[in-house]
Undergrad: 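What follows is a structure written as structure tokens; I'll ask about it next.
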Amino acid sequence: MHHTITSNPLFILGNKDEILVIDVVKARLEFSWREIVGTVEGGNVPQSLFRPEGYDHREALFGVPPYGGAIAQSVYYADSDLCDPTVDTRKGYPIRSKDSTGKMEPWPSPFILMVDRGGCSFVQKVRNAQKAGAAGAIIADNTCLCSDKDCVSANGQAVCQPAEPIMADDGSGGDISIPSFLMFKVDADQVKAELKSNQMVQIEMQWALPSPDDRVEYDLWTTPSDPVSKDFQKNFKAVAQALGSHAYFTPHMYIYDGIKSNCQGFDGENMCFNLCTNNGRYCATDPDNDLDHGISGADVVKESLRRICIWKHYGETDGVGSEWWDYVAQFLERCDNPDFFANDDCAKDCYKHAKIKADVIERCMKDSGGLEKDTPNTFLDLEMQAQVSRGVVILPTAFVNTIALRGGLTTATVFTGICNGYLDGTEPKICTECQGCPDFDGCISSGKCHGGKGGGGVSKNAFMGSILLLSCAFGAVAFWHYRKTREEMREQVRGILAEYMPLEGDDGHVGSPMDFARRGGTEGLMS
């Protein structure tokens, strides 16, 4: 489950229909209408909708986009908000021909489904579109942005939305695998008008990661108490080392701004108690929702600062940070529980196993401003500034070349995103060798895919060996069957010849047919 961050950073969003936030990162994905030559059922494809630069849109924070790929299919307008899980695939536009039952034919697969906004959450709409067989979903906005004066004027709407909507996960979107976009009203209305006039329209949804050079930069935004990213942080070290200098990693710790959240009173007093440090300046949510026991928000802030300092000294130079990965793995194994999370001795034990100098990290934490009194901390302030400028709205989130990756945070997903971020022809050998390898972990450790590619298939050598083995087996069976059949035929011949009288040869020798049979037919019976 992803955590969705709202405008009040001290609370985690529950199951809301939709969220409006002002500081939203704009998805840098191409969204264009393909120009089709010729005609299709329903009339000519409207070339008036084609825009070389694509359409402005907002990408969903759930689903699994095909990074480095595209989906180009005909779009159908559901003429519904699609809140009912029982989707009527025989309605909507363009109108199709009727089948033998007299009902309109369903949307022909594959297709992209356009759905009206409102009535239920974005997640519910896209889930129902997925169940209906859609390859992707477009949510048509139903309210103008207040900043879009032309839209407001044209629609005569008394109410407009002051901020751009974001297609956030309501906490249940883990089962959604298709991608989806939100299209602003001014553009969505044009598309719906074409579809309602029974014109076929084709949409191309593209996910082209920026690929500026031969080095990819990737980030991870999380917190030390986040349960979703734990497995990723345990397992990704080998990938980071395999990528080496071809990729640069930066871990980020999400810190809540206590001053903006009114956790610091006018007199400098900490109003949020053990959720914050530095008299309410830097805060984190309570992992166990118990302010009196267990891990506190202040404990999470302290561990966040510790990991920032470890990266500064053991990872910032090379962008790999083997010691940082080792420390996090050790902490998750030894200290990730209410009894030892805030235990300094446990942290020092992790330092020892990760070969990190404890005095260097403790001095870094102190020199950056520490966690006591009403004192600014340089590193924590930088993290808060970065999370605002990057537009981080869910945790955990991985970014590749500044683009947020959607879908599950797994080692393979992030690796695929990184490999798609290289300039063509500059990707490292580990990418060409291990992408799509069924034995992914073995490929990363050895640098070679021994299982063969192709979604769990077999290697060429294994395939040829199997063919040779089967050929030998069939050959042996065929030879055995030949010998057995020959012996049976001989026995039959012996039985038939034994029924005849002896014959006298030209030389006066009386020969018996049984003599011929006993000799196996090596001599002629008649000369």
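Just so it is clear, the values below take in all heavy atoms, side chains as well, and ignore hydrogens, waters and symmetry mates.
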Undergrad: Identify whether NZ of Lys or CZ of Arg in R306 sits under 6.0 Å from the centre of the six-membered ring of F331 and within 45° of that ring's axis.
TA: no

Undergrad: I'd like to know if the side chain of D170 pairs up with that of S121 as donor and acceptor (distance under 3.5 Å, no hydrogens or angles considered).
TA: yes

Undergrad: Quick check for you: to the nearest 0.5 Å, what is the distance between I444 atom CD1 and C434 atom SG?
TA: 4.0 Å

Undergrad: Side chains of R390 and H252: any donor to acceptor distance under 3.5 Å?
TA: no

Undergrad: Parallel, tilted or perpendicular: which describes the rings of W221 and Y254, with under 30° parallel and over 60° perpendicular?
TA: perpendicular

Undergrad: F440 and F415: aromatic ring centres closer than 6.0 Å?
TA: yes

Undergrad: Between R334 and D336, does any NZ, NE, NH1 or NH2 come within less than 4.0 Å of an OD or OE carboxylate oxygen?
TA: no

Undergrad: Picking from D374, N270, N279, what satisfies side-chain hydrogen bond (donor to acceptor under 3.5 Å, both in side chains) with Q264?
TA: D374

Undergrad: Under 3.5 Å, is there a donor-acceptor pair between the side chain of N274 and the main chain of A298?
TA: no

Undergrad: What I'd like to find out is whether the side chain of D345 reaches to under 4.5 Å of the side chain of F340, using heavy atoms alone.
TA: no

Undergrad: Kindly give the heavy-atom pair with the smallest separation between I430 and L243, and that separation in Å.
TA: CG2-CD2, 3.8 Å

Undergrad: Apply side chain to side chain donor-acceptor pair (under 3.5 Å) to the pair E217 and T250, showing each step before the final yes or no.
TA: CA-CA 8 Å; E217 297 179 358; T250 304; over 6 Å; no

Undergrad: Any donor and acceptor pair, going by atom type alone, linking the side chain of Q387 with main-chain N or O of V392 inside 3.5 Å?
TA: no

Undergrad: Could you give me the CA-CA distance, side-chain angles and deciding distance for L371 and L380, then say whether side chain to side chain contact (heavy atoms under 4.5 Å, CB included) is met?
TA: CA-CA 10 Å; L371 299 169; L380 297 182; 4.0 Å; yes

Undergrad: Walk me through whether K237 and D326 qualify under salt bridge (Lys or Arg N to Asp or Glu O under 4.0 Å).
TA: CA-CA 8 Å; K237 174 190 172 184; D326 286 337; 2.7 Å; yes

Undergrad: What do you reckon, C263 and C283 SGs under 2.5 Å?
TA: no

Undergrad: Tell me the closest heavy-atom pair linking G421 and N401, and the distance in Å.
TA: O-ND2, 3.1 Å

Undergrad: Would the pair C120 and C83 meet an SG-SG distance criterion of under 2.5 Å?
TA: yes

Undergrad: Any donor-acceptor pair under 3.5 Å linking the side chain of E316 with the backbone of W311?
TA: no

Undergrad: Is it the case that the side chain of T426 and the backbone of Y422 share a donor-acceptor pair, with hydrogens and angles ignored and the cut-off at 3.5 Å?
TA: no

Undergrad: Is there a side-chain contact between H313 and E323, using heavy atoms and a 4.5 Å cut-off?
TA: no

Undergrad: Does the distance from C437 SG to C443 SG come in under 2.5 Å?
TA: no

Undergrad: As a quick check of understanding, evaluate side chain to side chain contact (heavy atoms under 4.5 Å, CB included) for N142 and D116, giving each step before the final call.
TA: CA-CA 7 Å; N142 55 6; D116 288 325; over 6 Å; no

Undergrad: Does the pair K357 and Y314 meet the rule for a side chain to side chain contact (heavy atoms under 4.5 Å, CB included), with working shown?
TA: CA-CA 10 Å; K357 295 181 179 179; Y314 290 92; 3.6 Å; yes

Undergrad: Would you confirm whether D288, through its side chain, and I295, through its main-chain N or O, come within 3.5 Å as a donor-acceptor pair?
TA: yes

Undergrad: Does any N or O in the side chain of K125 come within less than 3.5 Å of the main-chain N or O of D81, such that one atom is a donor and the other an acceptor?
TA: yes

Undergrad: Can S296 and D299 be counted as having a side-chain donor-acceptor contact under 3.5 angstrom?
TA: yes

Undergrad: From I356 CD1 over to C309 SG, what is the distance, rounded to the nearest 0.5 angstrom?
TA: 11.0 Å

Undergrad: With heavy-atom distances below 4.5 Å as the criterion, would you say the side chains of I166 and L61 are in contact?
TA: yes

Undergrad: For the residue pair F273 and L291, establish whether any side-chain heavy-atom pair is separated by less than 4.5 Å.
TA: no

Undergrad: Rounded at 0.5 Å granularity, tell me how far OH in Y256 sits from SG in C276.
TA: 11.5 Å

Undergrad: Give the C-alpha distance, both sets of side-chain angles, the deciding distance and a yes or no for side chain to side chain contact (heavy atoms under 4.5 Å, CB included) between N420 and V400.
TA: CA-CA 9 Å; N420 284 318; V400 173; over 6 Å; no

Undergrad: Please give me the minimum heavy-atom distance between D219 and F249, naming the atom from each residue.
TA: C-CE1, 4.3 Å

Undergrad: Contact between C335 and N343 at the side-chain level, heavy atoms closer than 4.5 Å - yes or no?
TA: no

Undergrad: To the nearest 0.5 Å, how far apart are CG in L405 and OG1 in T413?
TA: 8.0 Å

Undergrad: With side chains defined as the heavy atoms from C-beta onward, is the minimum distance between L182 and F122 less than 4.5 Å?
TA: yes

Undergrad: Kindly say whether L82 contributes a backbone atom to a donor-acceptor pair with the side chain of N128 at under 3.5 angstrom?
TA: yes

Undergrad: For G297, is there any backbone N or O sitting under 3.5 Å from a side-chain donor or acceptor partner on D286?
TA: no

Undergrad: Looking only at heavy atoms, what is the nearest atom pair of F399 and T397, with distance?
TA: CE1-CG2, 3.4 Å

Undergrad: Of all heavy-atom pairs between G369 and N278, which one has the smallest distance, and what is that distance?
TA: O-ND2, 4.3 Å

Undergrad: Got a sec, which residues hit side-chain hydrogen bond (donor to acceptor under 3.5 Å, both in side chains) with D175, two or more places apart in sequence or on another chain?
TA: R127

Undergrad: Kindly assign one of parallel, tilted or perpendicular to the pair F232 and W325, based on the angle between their ring planes and the thresholds 30° and 60°.
TA: perpendicular

Undergrad: Are any of the side-chain heavy atoms of M365 and I361 separated by less than 4.5 Å?
TA: yes

Undergrad: So do D381 and M384 actually touch side chain to side chain, heavy atoms under 4.5 Å?
TA: yes

Undergrad: Does the salt bridge (Lys or Arg N to Asp or Glu O under 4.0 Å) test come out yes or no for D187 and K185, once each step is laid out?
TA: CA-CA 5 Å; D187 294 324; K185 179 176 173 60; over 6 Å; no

Undergrad: For F184 and H57, work out which heavy atoms get closest and say how close.
TA: CE1-N, 4.3 Å

Undergrad: What's the verdict on salt bridge (Lys or Arg N to Asp or Glu O under 4.0 Å) for E303 and R307, showing C-alpha distance, side-chain angles and the deciding distance?
TA: CA-CA 6 Å; E303 178 60 23; R307 295 187 186 186; 2.9 Å; yes

Undergrad: Considering residues at least two apart in sequence or located in another chain, which fulfil the side-chain hydrogen bond (donor to acceptor under 3.5 Å, both in side chains) criterion with Q124?
TA: none

Undergrad: Is it the case that E427 and T432 place a side-chain donor and acceptor less than 3.5 Å from each other?
TA: no

Undergrad: Could you state the interatomic distance from OG (S445) to CD (Q241), rounded to the nearest 0.5 Å?
TA: 11.5 Å

Undergrad: What distance separates L409 CG from K230 NZ, expressed to the nearest 0.5 Å?
TA: 13.5 Å

